A.B. asks: 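Below are the structure tokens for one structure; questions will follow.
As the structure is a prediction and not an experimental result, all values here were calculated from the model. Note that these values count all heavy atoms, side chains included, but never hydrogens, waters or copies made by symmetry.
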Number of protein chains: 2
Amino acid sequence: MESSKLLGYMLGLTLRVFKNQMVSEFKEREIELTIEQFVILSLLNSNCDLIQRDLASQLQKDKSIIVRQINCLLESQYVVRLTNKDDKRVKNLILTKKGFEKLNQMKEIASEVSRKLLTGISENELEIFQNVLLKIQENGGVEEDIFNCGFNQLK
Amino acid sequence: MESSKLLGYMLGLTLRVFKNQMVSEFKEREIELTIEQFVILSLLNSNCDLIQRDLASQLQKDKSIIVRQINCLLESQYVVRLTNKDDKRVKNLILTKKGFEKLNQMKEIASEVSRKLLTGISENELEIFQNVLLKIQENGGVEEDIFNCGFNQLK
DNA sequence: ACTATTAGTTGATCTTTGCAACCAATTTAC
DNA sequence: GTAAATTGGTTGCAAAGATCAACTAATAGT
């Protein structure tokens, strides 16, 4: 099996397609957040116990990146950062009302874009597709999906 | 169907897993190219008629990015850039022997990484996975795969 | 011939990323 | 209980990646 060659190419291109569409939709509707920030808000909304360390490991990014992303979200008042009472090293991250509303707006856009990009793909194919993605992540050592932020839990 | 929410998240995370593994392998074996450059060399090797415009559209990136990537590859003498005789606007890109050898070295690494990441995934699932990726790209308006740089054509 | 288009290049600028150093709080090891 | 190690978070800096607009040179369209 020679899937080897271009797994990265295929994933990269597909992601880029998705991102480009999202970015242009965001621009059109004057949403000033990036896709990354949208993802972070989504994760925070899925599980309000997530701290910056968790975001870093879930997203496989350096913790410093997360800090800065959160800083942006703070400035626009989409989240609040509070020092945890039990462990003062830890900062809890809480979505504000404003953040929640913006998130829902972005989710709708993501829904539209996804619907558009996934047309012609059967339920079954999509299921397998998701499982393969999960499997790759697992094989790559991504922590088990603590909070099940899979595909299917959106209201 | 609520796959909407995190298509971007799933793709992004999976790509990141792949990239992280590749980067650490590249580092270990002292390969000083980026994944992007590896992809470009792959594409050039698949089809030597590709010009910079094609690379830009295939990779969905701005042409200026491609120019600069190629400049790097020129400096390290992995490719040569020649003005096309029939149309002097066009530059042909040719892999050097050095580039070809480096490419093969990187391909092997990519094979290993892919093999590792794809363990436990059946032939059939993988096939569907690839088709979904292609379908998404198609729905997103990526040009038809002129030179069939699909999964299965590696030596 | 004049205009529009195309391929490529450059410059300025911005974001993203990665790395290392660092602080403060907490654990651990003795 | 205290010293040392670890952990979560923050900052600075430099490299890489990406964007946008302006520009050249060659070609195509009329």
Side-chain angles (χ1 to χ4, degrees), chain A residues 8 12-13 15-20 22-24 26-27 32-40 44 49-76 79-93 143, chain B residues 8 12-13 15-24 26-28 31-40 44 49-76 79-94 143:
Chain A
L13 182 50
L15 177 62
R16 190 159 267 268
V17 165
F18 178 80
K19 271 196 178 168
N20 285 347
M22 287 293 284
V23 166
S24 82
F26 275 21
K27 234 175 225 169
E32 77 294 354
L33 294 178
T34 66
I35 311 303
E36 299 303 320
Q37 291 168 336
F38 163 51
V39 169
I40 290 180
L44 287 179
D49 288 339
L50 286 178
I51 63 176
Q52 298 179 186
R53 161 179 58 83
D54 302 324
L55 290 174
S57 79
Q58 280 294 319
L59 297 172
Q60 298 271 296
K61 297 192 179 187
D62 192 86
K63 50 192 178 160
S64 63
I65 300 171
I66 305 294
V67 171
R68 283 163 189 144
Q69 296 277 24
I70 301 286
N71 285 345
C72 291
L73 293 172
L74 274 178
E75 272 171 40
S76 340
V79 299
V80 177
R81 177 155 50 195
L82 296 175
T83 302
N84 184 294
K85 281 192 175 177
D86 299 331
D87 184 341
K88 283 173 200 150
R89 288 173 305 181
V90 172
K91 303 293 175 67
N92 289 110
L93 301 167
E143 279 173 27
Chain B
L13 182 49
L15 177 63
R16 190 159 267 270
V17 164
F18 179 81
K19 270 196 179 170
N20 285 348
Q21 303 246 340
M22 286 293 284
V23 165
S24 82
F26 275 21
K27 233 174 225 170
E28 207 156 299
I31 290 175
E32 77 295 355
L33 294 179
T34 65
I35 312 302
E36 300 303 320
Q37 290 168 337
F38 164 51
V39 169
I40 289 179
L44 288 179
D49 288 339
L50 286 178
I51 62 176
Q52 297 178 188
R53 161 179 58 84
D54 302 323
L55 291 174
S57 79
Q58 280 293 321
L59 298 172
Q60 297 271 294
K61 297 192 180 187
D62 192 86
K63 52 194 178 161
S64 63
I65 300 173
I66 305 294
V67 171
R68 284 163 186 143
Q69 295 278 23
I70 300 286
N71 285 345
C72 289
L73 293 172
L74 273 177
E75 272 171 39
S76 338
V79 300
V80 177
R81 177 153 53 195
L82 297 174
T83 302
N84 185 294
K85 280 192 175 179
D86 299 331
D87 184 342
K88 282 173 200 150
R89 288 172 305 180
V90 171
K91 304 294 175 66
N92 290 110
L93 301 168
I94 297 151
E143 279 173 27

A.B. asks: Check if the side chain of A:R68 and the base of D:dG12 share a donor-acceptor pair of N or O atoms closer than 3.5 Å.
C.D. replies: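 Side chain to base: pair found, below 3.5 Å.
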A.B. asks: I need the CD1-C1' distance between A:I66 and C:dC19, as an integer number of Å.
C.D. replies: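 That distance rounds to 16 Å.
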A.B. asks: Calculate the interatomic distance between A:K61 atom NZ and D:dG9 atom P; express it in whole Å.
C.D. replies: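 Distance, rounded to whole Å: 17 Å.
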A.B. asks: Looking only at side-chain N and O atoms, does A:Q69 come under 4.0 Å of OP1 or OP2 in C:dT15?
C.D. replies: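 So the side chain of A:Q69 is outside the cut-off, no N or O lying under 4.0 Å from OP1 or OP2 of C:dT15.
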A.B. asks: If you assign B:S64 and A:K85 each to the DNA chain C nucleotide with the nearest heavy atom, which residue ends up on the more 5' nucleotide?
C.D. replies: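 First, find each residue's nearest nucleotide; the 5'-ward one identifies B:S64.
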A.B. asks: Please state whether the phosphate of D:dT7, meaning OP1 or OP2, lies under 4.0 angstrom from any side-chain nitrogen or oxygen of A:Q52.
C.D. replies: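 Answer is no, no contact under 4.0 Å.
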A.B. asks: Rounded to whole Å, how long is the line connecting atom CD1 of B:I65 with atom P of C:dC14?
C.D. replies: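 Computing the B:I65:CD1 to C:dC14:P distance gives 17 Å.
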A.B. asks: Please state how far atom CD in B:Q37 lies from atom P in D:dA15, giving the value in whole angstrom units.
C.D. replies: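 To the nearest whole Å, that distance equals 16 Å.
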A.B. asks: How many angstroms lie between atom CD1 of B:I40 and atom CD1 of B:I35, to the nearest 0.5 angstrom?
C.D. replies: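 Answer rounded to 0.5 Å: 12.0 Å.
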A.B. asks: Under 4.0 angstrom, heavy atoms only, what part of the nucleic acid is A:D86 near: base, sugar-phosphate, or nothing?
C.D. replies: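 Sugar-phosphate only.
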A.B. asks: What is the separation between atom CG on A:N71 and atom P on C:dT15, rounded to the nearest whole Å?
C.D. replies: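 Computing the A:N71:CG to C:dT15:P distance gives 14 Å.
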A.B. asks: Within less than 4.0 Å of OP1 or OP2 of C:dG18, is there a side-chain N or O belonging to B:R16?
C.D. replies: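 For B:R16, the contact criterion (side-chain N or O under 4.0 Å from OP1 or OP2 of C:dG18) is met.
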A.B. asks: Answer with base, sugar-phosphate or nothing: what part of the nucleic acid does B:I51 contact at a heavy-atom distance below 4.0 Å?
C.D. replies: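 Since only primed, P, OP1 and OP2 atoms lie under 4.0 Å of B:I51, the category is sugar-phosphate.
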A.B. asks: To the nearest 0.5 Å, tell me how far A:Q37 CD sits from A:L73 CG.
C.D. replies: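 CG of A:L73 is found 5.0 Å from CD of A:Q37.
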A.B. asks: I want to check something: taking the side chain as every heavy atom from C-beta on, are B:V80 and B:L93 in contact at a cut-off of under 4.5 Å?
C.D. replies: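 No, their side chains stay 4.5 Å or more apart.
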A.B. asks: Distance check needed: D:dG17 P versus B:L73 CG, whole Å only.
C.D. replies: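 In whole Å, D:dG17 P lies 11 Å from B:L73 CG.
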A.B. asks: CD/A:Q69 to CD1/A:I66 distance, rounded to the nearest 0.5 angstrom?
C.D. replies: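 It comes to 6.5 Å.
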A.B. asks: Let me know the distance between CG of A:L74 and C1' of D:dT10, rounded to the nearest Å.
C.D. replies: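 Those two atoms, CG and C1', are 13 Å apart.
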A.B. asks: What is the distance from atom CD of B:Q52 to atom CZ of B:R81, rounded to the nearest 0.5 Å?
C.D. replies: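 These two atoms lie 5.0 Å from each other.
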A.B. asks: Taking the side chain of A:T34 as heavy atoms from C-beta outward, which of C:dT16, D:dA22, D:dT19 is closest to it?
C.D. replies: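 Between C:dT16, D:dA22, D:dT19, the one nearest the side chain of A:T34 would be C:dT16.
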A.B. asks: Between C:dC19, D:dT19, C:dT9, which one does the side chain of B:K63 approach most closely?
C.D. replies: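 Selected nucleotide (nearest to the side chain): C:dT9.
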A.B. asks: To the nearest 10 degrees, what angle separates the axes at the start and end of the helix from C:dA1-D:dT30 to C:dC30-D:dG1, five pairs each?
C.D. replies: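 The end-segment axes of the helix from C:dA1-D:dT30 to C:dC30-D:dG1 are tilted 30° relative to each other.
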A.B. asks: Of the nucleotides D:dC20, D:dG17, C:dG18, which has the atom closest to the B:D62 side chain?
C.D. replies: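 Given the options D:dC20, D:dG17, C:dG18, the side chain of B:D62 is closest to D:dC20.
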A.B. asks: Could you tell me the separation between the CE atom of A:M22 and the CG atom of A:L33, rounded to the nearest 0.5 Å?
C.D. replies: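 Between atom CE of A:M22 and atom CG of A:L33 there are 10.5 Å.
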A.B. asks: State the NZ-CD distance between A:K27 and A:E32, to the nearest 0.5 angstrom.
C.D. replies: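 If I round to the nearest 0.5 Å, the distance is 13.5 Å.
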A.B. asks: Hey, does the side-chain of B:R53 have a donor or acceptor N/O within less than 3.5 Å of a partner on the base of C:dT9?
C.D. replies: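 Absent.
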A.B. asks: Specify the separation, in whole Å, of atom CG of A:L55 and atom P of D:dG8.
C.D. replies: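 Distance, rounded to whole Å: 13 Å.
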A.B. asks: Counting distance only, does the side-chain N/O of B:D54 pair as donor-acceptor with the main-chain N or O of B:I51 below 3.5 Å?
C.D. replies: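 Side chain of B:D54 to backbone of B:I51: a pair is present.
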A.B. asks: Mind checking B:K27 for me? I need base, sugar-phosphate or nothing, with any heavy atom below 4.0 Å counting as a touch.
C.D. replies: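 Sugar-phosphate: the residue B:K27, judged by heavy atoms under 4.0 Å, touches backbone atoms but no base.
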A.B. asks: For DNA chain D, which residues of residues 87-94 of chain B approach it to below 4.0 angstrom with any heavy atom?
C.D. replies: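 Only B:D87, B:K88, B:R89 qualify.
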A.B. asks: Check each of B:D49, B:N84, B:T83 against B:N92 using the side chain to side chain donor-acceptor pair (under 3.5 Å) test, and report the only one that passes.
C.D. replies: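 So the option named by the test is B:N84.
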A.B. asks: Tell me, do A:I65 and A:L59 make a side-chain contact under 4.5 Å, heavy atoms counted?
C.D. replies: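 The answer is no; the side chains never approach within 4.5 Å.
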